[in-house]
Structures are given as C-alpha cells and as structure tokens.
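Working notes, structure below.
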Amino acid sequence: MESQRQRKISQIIQKDLAEIIQENLRKTGQKNIIISVTKVKVTPDMLEAKAYLSVFPEEKTPIIIKEIKELSNAIKHQLAMRTKNQLRRVPEVHFFHDDTAAYVSEVEAAFKGKENPIKNPDLLNKRKKS
C-alpha cells in the first residue's frame, strides 16, 4: 500500500515528466504525437520510479519509448531542476508503455463489430474441464 508521501511524490513527478517530455518532443521536431504520463509509481525508499506512458498514434510507440529511454539522463536532470526544493534526491525513472487505451479500443471494437462475443458465444474460448 502506498504511503501519502509516495502518492504526493508520484503526482509531482507525473506532472513534471509530462511537461519535460512534451518540451523534448518539440525540440526534436516530433509532430502530431500525443504522449501522456498515465501513472507514476514510486518505491517506498523513493529511489526508483516507474513511469507509464501512453502514446498516440499507437504505431509510433516503440520509437518514442526508445527515444525517451535514450534521453532519460537529460530528463532526470530536468526533473531534478524542477523538483530541487521538494525532493532531496530525484528517483531513477524507468519508462514503460501503458497499453490501456489500445486494450479499451480493442474491446469496444469487439462489441461493435461482427465478432461480438455476447451475440455469438462461439467466439469465446471453451473452458477445459479438469
């Protein structure tokens, strides 16, 4: 269970990371790409953080995540400059892809399309009896 301090630091890092990543994208000339930091989880010792990123359009995700990982030292430095009065030590940030939006769109398409498992239960995998 997250402590109140962890939640507070996660929110600060999430807000600042979103701004830093958008600035870096503008500087590198990436256009027509939307990146949002959907969640940040900080470890109890406050030394590491996992940042989950959602990228639109979805097909550019591997390229963008790779680019952000390469810029992680510069991003950490910019994060340290922004949070220097709030944190003694900036956590090491690890970036991951958040595929929740893609999953939701697949589920919506399944219910709207021909392959609706509610209307056609034969599409569902049969349970194996043990």
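Scope of the values below: all heavy atoms of this structure, side chains included, with no hydrogens, waters or symmetry mates.
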Might you work through the side chain to side chain contact (heavy atoms under 4.5 Å, CB included) test for D99 and Y52, ending with a clear yes or no? CA-CA 9 Å; D99 60 350; Y52 295 91; over 6 Å; no
Determine, step by step, whether F95 and V37 satisfy the side chain to side chain contact (heavy atoms under 4.5 Å, CB included) criterion, reporting the C-alpha distance in whole Å, the side-chain angles of both residues, the deciding distance to 0.1 Å, and the verdict. CA-CA 10 Å; F95 297 98; V37 181; over 6 Å; no
ILVMFWY cluster, M81 and L87 together (side-chain gap under 4.5 Å): no
Tell me, do H97 and L53 make a side-chain contact under 4.5 Å, heavy atoms counted? no
Suppose the criterion is salt bridge (Lys or Arg N to Asp or Glu O under 4.0 Å): which pairs have a residue in residues 41-64, not counting sequence neighbours? none
Out of curiosity, does V42 fall in the hydrophobic cluster containing I12 (side-chain heavy atoms, cut-off under 4.5 Å, transitive links)? no
Rounded to the nearest 0.5 Å, the CD1 atom of I21 sits from the OG atom of S36 at a distance of 9.5 Å
For residues P57 and N32, report the shortest heavy-atom separation together with the two atoms involved. CD-O, 3.6 Å
Tell me, do I13 and P91 make a side-chain contact under 4.5 Å, heavy atoms counted? yes
Does the R89 side chain pair with the main chain of L47, one donor and one acceptor, at a distance under 3.5 Å? no
Note, I64 side chain near I33 side chain (heavy atom, < 4.5 Å): yes
Side-chain touch I20/R82, heavy atoms, less than 4.5 angstrom: yes
Return the CD to OG1 distance between Q78 and T83, rounded to the nearest 0.5 Å. 11.5 Å
Taking Q11 for the side chain and K8 for the main chain, is one N or O donor matched with an acceptor at less than 3.5 Å? no
Check against side chain to side chain contact (heavy atoms under 4.5 Å, CB included), E92 and H94: CA-CA 7 Å; E92 190 68 36; H94 304 284; 4.0 Å; yes
Check for a donor-acceptor pair, side chain of S3 on one end and backbone N or O of Q6 on the other, with a separation under 3.5 Å. yes
Close side-chain approach of N24 to I68, heavy-atom, < 4.5 Å: no
Distance, nearest 0.5 Å, that separates CG of L17 from NZ of K76: 12.0 Å
Could you measure the distance from the CZ atom of R5 to the OG atom of S10? Nearest 0.5 Å is fine. 10.5 Å
Side chain to side chain contact (heavy atoms under 4.5 Å, CB included) for Q14 and K39? Distances and angles first, verdict last. CA-CA 7 Å; Q14 183 177 0; K39 184 186 264 187; 5.6 Å; no
Sidechain N-carboxylate O distance under 4.0 Å for K15, E19: yes
With a 6.0 Å cut-off (strictly less than), is the heavy-atom count around CD of Q4, excluding the residue itself, greater than 12? no
Checking D98 against T38: is there a side-chain donor and acceptor pair closer than 3.5 Å? yes
Within a reach of under 6.0 Å around CZ of F56, are more than 12 heavy atoms found that belong to other residues, nucleotides or ligands? no
Atom NE2 of H77 with >12 non-hydrogen neighbours under 6.0 angstrom: no
Under a 4.5 Å cut-off applied to non-hydrogen side-chain atoms, are I34 and V55 in contact? no
